[in-house]
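Structure first, then comments.
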Amino acid sequence: MKVYQTDEIKNIALLGSKGSGKTTLAESMLYECGVIKRRGTVEAKNTVSDYFPVEKEYGYSVFSTVFYAEFLNKKLNVIDCPGADDFVGNAITALNVTDTGVIVVDAQYGVEVGTQNIFRTTAQLKKPVIFAINQLDGEKADFENTLEQMREIFGKKVVPIQYPLQSGPGFNSMIDVLLMKKYSWGPDGGVPTIEDVPAEEMEKAHEWQQALVEAAAENDETLMEKFFEQGILTEDEMREGIRKGLVDRSIYPVFCVSALMDMGVRRMMEFLGNVVPFVKDMPAPVDTEGREVKPESNGPLSIFMFKTTVEPHIGEVQYFKVMSGTLNAGADLDNVTRGGKERLAQIFCVCGQIKTPVDKLCAGDIGATVKLKDVRTGNTLDEKGCDIAFDFIKYPAPKYQRAIRPVTESDAEKLSAILTRMHEEDPTWEVEQSKELKQTILKGQGEFHLRTLKWRVENNDKLPIVFEEPKIPYRETITKAARADYRHKKQSGGAGQFGEVHLIIEPYSEDAPLPDTYRFGNQEYKMSVRDTQEIPLQWGGKLVVHNCIVGGAIDARFVPAIVKGLMDRMEQGPLTGSYARDVRVCIYDGKMHPVDSNEISFRLAARNAFSEAFRNANPKVLEPVYDVEVMVPSDVMGDVMSDLQGRRAMIMGMSSENGFEKISAKVPLKEMSSYSTALSSITGGRSSFTMKFASYELVPGDVQDKLLKEYAEKHNEE
């Protein structure tokens, strides 16, 4: 295989909503480039992209697939990404290591929520976008309506390169206004017949060409002047103008295809080869030190590991992009992220599961390697003396979680290793060993996301697992001051145990003055603060302890034990066993015994005194509340609102955004457990949402009563 230089390489992400036909389009692209001799289908389970068992089982893409095509003396590296919102992490990874996004839009359903979400990601990453309107031969296909929708949502930058003479089952021809040619196909698609634009279409074709010329000329002053003088541009000038417009996102070209029938695919490939930016045309990526790293073949060698898969008979396959320099097979590199050295004995160009060994890859190229010792997704490998490191991929927060455990408890360690490996394959699968909840929490982007993992663990790794409702990390706090004392006394022959602690607790607040005087009943308690400990809690909030002991009632050496006793109860609150937070404690009196007093005695006394005071301080349970944003079609807005209100949501605002309604709300985590499934059911899969932790808020009284009752029943059983 030829060694392609940086100025001969183009990297492209294939994106779009679930069902838009990306995998089928990838097959036609590979067929047109001669990489495969026969096109597979999703139904026949023989496509290049969907080759993992779970993808064949479910009939949709789960992982992104890297493939390359040699076309027009250039190398096109393409990453075909899953369309389901649950697997958005793959698309985010792909967009970070490619230079152009081809967004596939289904002509039957127009712009879907998933289309908007992925477009928003391209905008955040400032990546050029090309639209491919697919399935123009579908029963419900409507090109004009889809184009109008795209213009409404994405603006006037949406500029068609082509338009079909007819959409629907009769689609078999289109006008290309860049080339001013008519393309038509026979019943089996494939090689088109190319003719001049028919007379009856000439007026419309010129009108559309004029709009394209204007859009292309806007991106270059010289072209703009020539356009004003002559009213037209040559084909090469238009290409140059479009290329510049793509780089600064001032134009979104639109192509017409039927991926299933292989109509229009080769023409789109020609545009990708001739017009879309090369690696060198795009802004250089920035390393962790803020330095630009230009993709130069003669620069220092640095590669970024962006993807890991585990494949049968091979094991771990690591995918990388050569960020700078030239990588030769057998290179020894330093892992600047984790430390250690790695030898890349073999490097490959990849087309699905087919791996072609190559001798070298230049800056900007994408490849794979195997059998590395200790490399993780997101690591940077450099040649000796190079200190470049990258960390530019940012993933969305999880939206769905379940507690996970093996059916057989002895398999816990094995499951942990599997989950660690799967996080490497898809970083949006997050695993948390929760000491607080005493559960292993698996987090992801939705129910399908976690269900896919479950299928793989049970079918590929042969390990039966169980999903359970995750416990909610409640918090406990107090709302008024309370006093208590407790004497711990134990005598069992020989030295005994004795410790007595008197304390006052109250709610903690920032910048509160030092405690002075408290009154309980008819008695007044005067505080004299000798020492203060302010303890930030790992789970949020603070414990502040004031030592107000006077006259040596308790020796100073026992104060640390008292604080430990307080922390025991902060870690396991008296109401529900949840973490407590934001409490201020004044230890003001107590007693000790010259022989029997020891640290454990005062720790137990403090623990029990704190529990009693806590229960008398009008305690409250707090629950985690999340900021939730839901994007919904207007026709189901009412149903979605009703469902949210049934989840104790507080609606914070509503707005319209690009043809969809956006609902902003604050919702308790307890009520979000099955929300992704419910939202999909209500809206037919046409909605999406994001959620982010906001704060801890008081639970309603009836909810608190229920929690206390459940906790009491559980303790009685134990």
Side-chain angles (χ1 to χ4, degrees), residues 6 11 13 15 63-64 66 77 79 81 87-101 118 120-127 279-280 282-296 299-309 316-325 327 331 333-342 344 361 363-369 372-398 419-432 443-445 690 692-693:
T6 304
N11 296 322
L15 311 157
F63 304 104
S64 59
V66 179
N77 291 311
I79 305 181
C81 303
F87 304 102
V88 67
N90 291 269
I92 289 172
T93 298
L95 274 171
N96 273 277
V97 297
T98 56
D99 304 303
T100 302
I118 201 63
R120 200 175 292 118
T121 303
T122 67
Q124 291 166 356
L125 298 173
K126 299 178 181 177
K127 300 290 184 176
V279 173
K280 65 180 180 59
M282 296 300 296
V286 175
D287 71 0
T288 54
E289 299 296 319
R291 300 171 296 190
E292 280 194 352
V293 180
K294 294 184 178 179
E296 297 173 339
L301 177 58
S302 179
I303 68 174
F304 177 70
M305 318 303 290
F306 67 87
K307 172 180 162 69
T308 303
T309 62
E316 281 195 357
V317 180
Q318 300 276 0
Y319 293 79
F320 59 83
K321 181 178 182 181
V322 183
M323 306 300 289
S324 172
L327 175 66
L333 302 178
D334 295 331
N335 187 332
V336 296
T337 311
R338 296 174 61 83
K341 297 184 182 297
E342 297 285 348
L344 280 69
L361 294 170
D365 214 340
I366 288 173
T369 188
L372 299 183
K373 292 185 299 183
D374 186 27
V375 171
R376 300 287 181 267
T377 302
N379 289 181
T380 306
L381 271 59
D382 290 349
E383 68 181 0
K384 188 175 181 180
C386 178
D387 64 344
I388 297 171
F390 296 98
D391 181 25
F392 48 72
I393 303 181
K394 309 301 177 191
Y395 294 104
L419 294 177
T420 300
R421 187 192 76 213
M422 289 196 168
H423 172 70
E424 286 298 310
E425 296 183 57
D426 182 350
T428 58
W429 276 320
E430 296 183 12
V431 184
E432 176 191 352
K443 304 176 183 180
Q445 295 298 307
T690 60
K692 185 172 69 173
F693 174 75

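Reckoned from all heavy atoms, side chains included, excluding hydrogens, waters and symmetry mates. Sequence positions, counted from 1, serve as the residue numbers for this chain.
Of all the heavy atoms in K127 and N96, the pair that sits closest is NZ-O, 4.2 Å. Scanning both residues, T98 and A13, for their nearest heavy atoms gives OG1-CB, 3.5 Å. What you find for I388 and T380 is that their closest heavy atoms are O-CG2, 3.4 Å. Nearest heavy atoms, N11 versus K321: ND2-CE, 3.9 Å.
For the residue pair Q318/T369, the side-chain donor-acceptor check at 3.5 Å is not satisfied.
Considering only residues two or more places apart in sequence or on other chains, E432 meets the side chain to side chain donor-acceptor pair (under 3.5 Å) condition with K443. With sequence neighbours left out, T121 forms a side chain to side chain donor-acceptor pair (under 3.5 Å) with no residue at all.
With salt bridges taken as basic N to acidic carboxylate O contacts below 4.0 Å, one links D374 and R338. Remark: D387 engages R291 in a salt bridge, criterion side-chain N to carboxylate O under 4.0 Å.
Using a 30° and 60° split on the angle between ring planes, F306 and Y319 fall in the tilted class, from 30° to 60°. Between F304 and F392, the ring planes are tilted. Angles from 30° to 60° get that label.
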Which is it for S324 and S302 under the side chain to side chain donor-acceptor pair (under 3.5 Å) test, yes or no, and what are the steps along the way? CA-CA 5 Å; S324 172; S302 179; over 6 Å; no
